[in-house]
Enquirer: 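Got a structure for you, written out below as structure tokens; questions coming shortly.
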2 protein chains.
Amino acid sequence: MIEYKNLNEPIYLKLKEMILNGELKQGEKIIQEKIAETLGVSRTPLMKALLALENEYLVESIPRRGMYVRALGKKEIIDIYVCREALEGMAARLLALSKDTKVIEALKACFYPFSSHKKINIDAYSKADEKFHSLLIKLTGNEPLDKIYFFGNIHEKVIGHGLVRPPEETLEEHFKIINAIEEEDPDRAEQYAREHIKKSRALLLDQ
Amino acid sequence: MIEYKNLNEPIYLKLKEMILNGELKQGEKIIQEKIAETLGVSRTPLMKALLALENEYLVESIPRRGMYVRALGKKEIIDIYVCREALEGMAARLLALSKDTKVIEALKACFYPFSSHKKINIDAYSKADEKFHSLLIKLTGNEPLDKIYFFGNIHEKVIGHGLVRPPEETLEEHFKIINAIEEEDPDRAEQYAREHIKKSRALLLDQ
DNA sequence: TTTTTGTATTTTGTATACAAAATGTAATGT
DNA sequence: ACATTACATTTTGTATACAAAATACAAAAA
């Protein structure tokens, strides 16, 4: 079977990168013609990418006024963490019920490099963390769930490239979630996944 | 402050209606030029509406092949109910913590016409049911949550215009949720909201 | 100075044109 | 008959053109 690739994905990816690394600032207006020119495309495929990003909560459209890089206030960030708590909690539950050994392997693999109790590279751990949370959703095989879970992007944007809490604290929590899944205990898997997000949320709320 | 209205919303709404009432059939290819002509617009604003519908899980895009009305199989429907369980459960929890009397009023108002224990009009109850579940989300004031909860549409599509379970069964469950919210008991509110969806899901799974 | 009004410029929204790919069909060969 | 190829048609993807609205700016009035 032939694989048809999305032709305007490169535009979408480039724009997303520009938003996440701050090349396009929060609240900044996206002047279509200007961006289209810098990307070397016309407004038509650019608009498709912008609409996709609007649905990922990265861009906000005001009719007849234009598209703006979404500015995330404290409330929005907290609200997103509430959504994550619900979705990742459910994902952990589903995985605990799945009885799939490959799931456990994949999740554990994220943190193999950090299990030796040596000094932890923050940047590498940050990537592993993002991978873990994304995998938690993807491994469920629930496509609608994956579709509504687009908050991974936000993560970087909120904290820069860092983490909400130090690895020493979260590594253990990650393994608690994985172990509950391995022991096929859906209630504990969900509970731990939710507590994990909730703790980060509480910290963000204080700042 | 001036309110700017989305100019291509009429196209979006008309298309959505055509999909939900079966005028455009499941799995049917959407030939852009043809639909554009029947709607009396060009392909450009039509594409915007189609991309919005793609993000609502009503339309599926295959690059270079075209846009298709999404065909929902049993798995997708079950998966959507799993998402609803997570999201509505969390919403009920948030409302229980909100201590807002207007919330209770609004939720109760959905079912006032059916509290007299007379014969229940299925069509009216079906609308009330949809309203209730939509309100549960909206009243939280969590915008990202509202954005990812686009499954209300699906409901009609799955069951025609009917209900998964009879009103006699679900009316009581609705009030159990409302009461738990009123008593500011987040755990029970979430539990009841989840059980409510779960029961419907179990029934769909059997069919 | 500050506000208002009129005008020029910019920018969005939509229609249209055209190239490239996909699809359909008929002719050819096995 | 069936498969394969060549060609015509359809359809998507992108660029461009143009109208309508929003914005910026300068001149006039309070």
Side-chain angles (χ1 to χ4, degrees), chain A residues 1-19 22-71 147, chain B residues 1-19 22-71 147:
Chain A
M1 190 173 149
I2 307 155
E3 188 61 35
Y4 295 91
K5 57 166 168 269
N6 193 338
L7 294 167
N8 62 321
E9 186 152 303
I11 305 173
Y12 160 83
L13 288 173
K14 179 64 186 159
L15 262 176
K16 188 154 150 179
E17 195 194 314
M18 287 171 77
I19 292 172
E23 202 171 331
L24 291 167
K25 291 178 199 63
Q26 301 237 352
E28 183 178 340
K29 180 168 183 182
I30 295 165
I31 293 157
Q32 292 170 27
E33 202 110 29
K34 215 161 98 183
I35 301 290
E37 195 178 23
T38 65
L39 297 184
V41 294
S42 78
R43 280 170 57 207
T44 314
L46 174 68
M47 179 54 78
K48 285 189 191 179
L50 285 171
L51 288 169
L53 291 167
E54 190 195 356
N55 285 297
E56 288 186 19
Y57 222 71
L58 286 174
V59 162
E60 193 181 2
S61 165
I62 303 174
R64 272 275 166 217
R65 301 290 304 283
M67 308 281 264
Y68 296 80
V69 179
R70 193 181 277 271
K147 203 168 171 54
Chain B
M1 190 173 148
I2 307 154
E3 188 62 35
Y4 295 91
K5 56 166 169 268
N6 193 337
L7 293 167
N8 61 320
E9 187 153 302
I11 305 172
Y12 160 83
L13 289 173
K14 179 64 186 161
L15 262 175
K16 188 154 150 179
E17 194 195 316
M18 287 171 78
I19 292 171
E23 201 172 333
L24 291 167
K25 291 178 198 64
Q26 302 236 351
E28 181 177 341
K29 181 169 183 182
I30 295 167
I31 293 156
Q32 292 169 28
E33 202 110 30
K34 216 162 96 184
I35 301 290
E37 196 179 21
T38 63
L39 297 184
V41 294
S42 78
R43 279 169 58 210
T44 314
L46 173 68
M47 178 54 77
K48 286 190 189 179
L50 285 171
L51 288 170
L53 291 166
E54 189 195 357
N55 285 297
E56 287 185 21
Y57 223 71
L58 286 174
V59 161
E60 194 180 3
S61 164
I62 303 175
R64 273 272 164 220
R65 301 290 304 283
M67 308 282 264
Y68 297 79
V69 179
R70 193 182 277 273
K147 203 169 170 57

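These numbers were taken from a predicted model, which means no experiment stands behind them. Within every chain, numbering begins at 1; the chains are lettered A, B, ... in the order of the sequence lines, protein sequences first and strands thereafter.
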Enquirer: Starting from P on dT10(D), measure out to CE on M67(B) and report it in whole angstrom.
Expert: 22 Å

Enquirer: Tell me, with the steps shown, if K16(A) and E56(A) meet salt bridge (Lys or Arg N to Asp or Glu O under 4.0 Å).
Expert: CA-CA 10 Å; K16(A) 188 154 150 179; E56(A) 288 186 19; 3.4 Å; yes

Enquirer: Tell me: CG of N8(A) to P of dA15(D), nearest whole Å?
Expert: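 From N8(A) CG to dA15(D) P: 11 Å.
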
Enquirer: If you define the side chain from C-beta out and look only at heavy atoms, does anything of I35(B) sit under 4.5 Å from L15(B)?
Expert: yes

Enquirer: What integer distance in Å separates E9(A):CD from dG13(D):C1'?
Expert: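 Distance, rounded to whole Å: 16 Å.
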
Enquirer: In whole angstroms, how far is the P atom of dT11(D) from the CZ atom of R65(B)?
Expert: 13 Å

Enquirer: End-to-end bend of the helix from dT1(C)-dA30(D) to dT30(C)-dA1(D) (five-pair axes, 10° rounding)?
Expert: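 Between the first-five-pair axis and the last-five-pair axis there is 10°.
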
Enquirer: Should R43(B) be listed as having a side-chain N or O under 4.0 Å from OP1 or OP2 of dA17(C)?
Expert: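 Answer is no, no contact under 4.0 Å.
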
Enquirer: Roughly, in whole Å, what's the span from CG in L46(A) to C1' in dA15(D)?
Expert: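 So the CG-C1' distance, L46(A) to dA15(D), works out to 13 Å.
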
Enquirer: Decide yes or no for R70(A) and L58(A): does some side-chain heavy atom of the first lie under 4.5 Å from some side-chain heavy atom of the second?
Expert: no

Enquirer: Which ones in residues 27-42 of chain B lie close to DNA chain C, meaning a heavy atom under 4.0 Å from one of its atoms?
Expert: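 Hits under 4.0 Å, by residue number: V41(B), S42(B).
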
Enquirer: Quick check: do V69(B) and K25(B) have side-chain heavy atoms less than 4.5 Å from each other?
Expert: no

Enquirer: Once you round it to whole Å, what is the distance between P of dT14(C) and CE of M47(B)?
Expert: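 From M47(B) CE to dT14(C) P: 14 Å.
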
Enquirer: Test side chain to side chain contact (heavy atoms under 4.5 Å, CB included) on M47(B) and L51(B) and set out the steps.
Expert: CA-CA 6 Å; M47(B) 178 54 77; L51(B) 288 170; 4.0 Å; yes

Enquirer: Just so I know, are the side chains of E33(A) and R43(A) near enough to count as touching, which here means a heavy-atom distance under 4.5 Å?
Expert: yes

Enquirer: Apply side chain to side chain contact (heavy atoms under 4.5 Å, CB included) to residues I31(A) and M67(A) and explain how you reach the verdict.
Expert: CA-CA 8 Å; I31(A) 293 157; M67(A) 308 281 264; over 6 Å; no

Enquirer: Rounded to whole Å, how long is the line connecting atom NZ of K48(B) with atom P of dT12(C)?
Expert: 10 Å

Enquirer: In Å, rounded to the nearest 0.5 Å, how long is the span from CD of Q32(B) to OG1 of T44(B)?
Expert: 9.5 Å

Enquirer: Rounded to the nearest angstrom, tell me the gap between atom CG in L50(B) and atom P in dG13(D).
Expert: 11 Å

Enquirer: Taking the side chain as every heavy atom from C-beta outward, state whether I62(B) and Y68(B) have any pair of such atoms under 4.5 Å apart.
Expert: yes

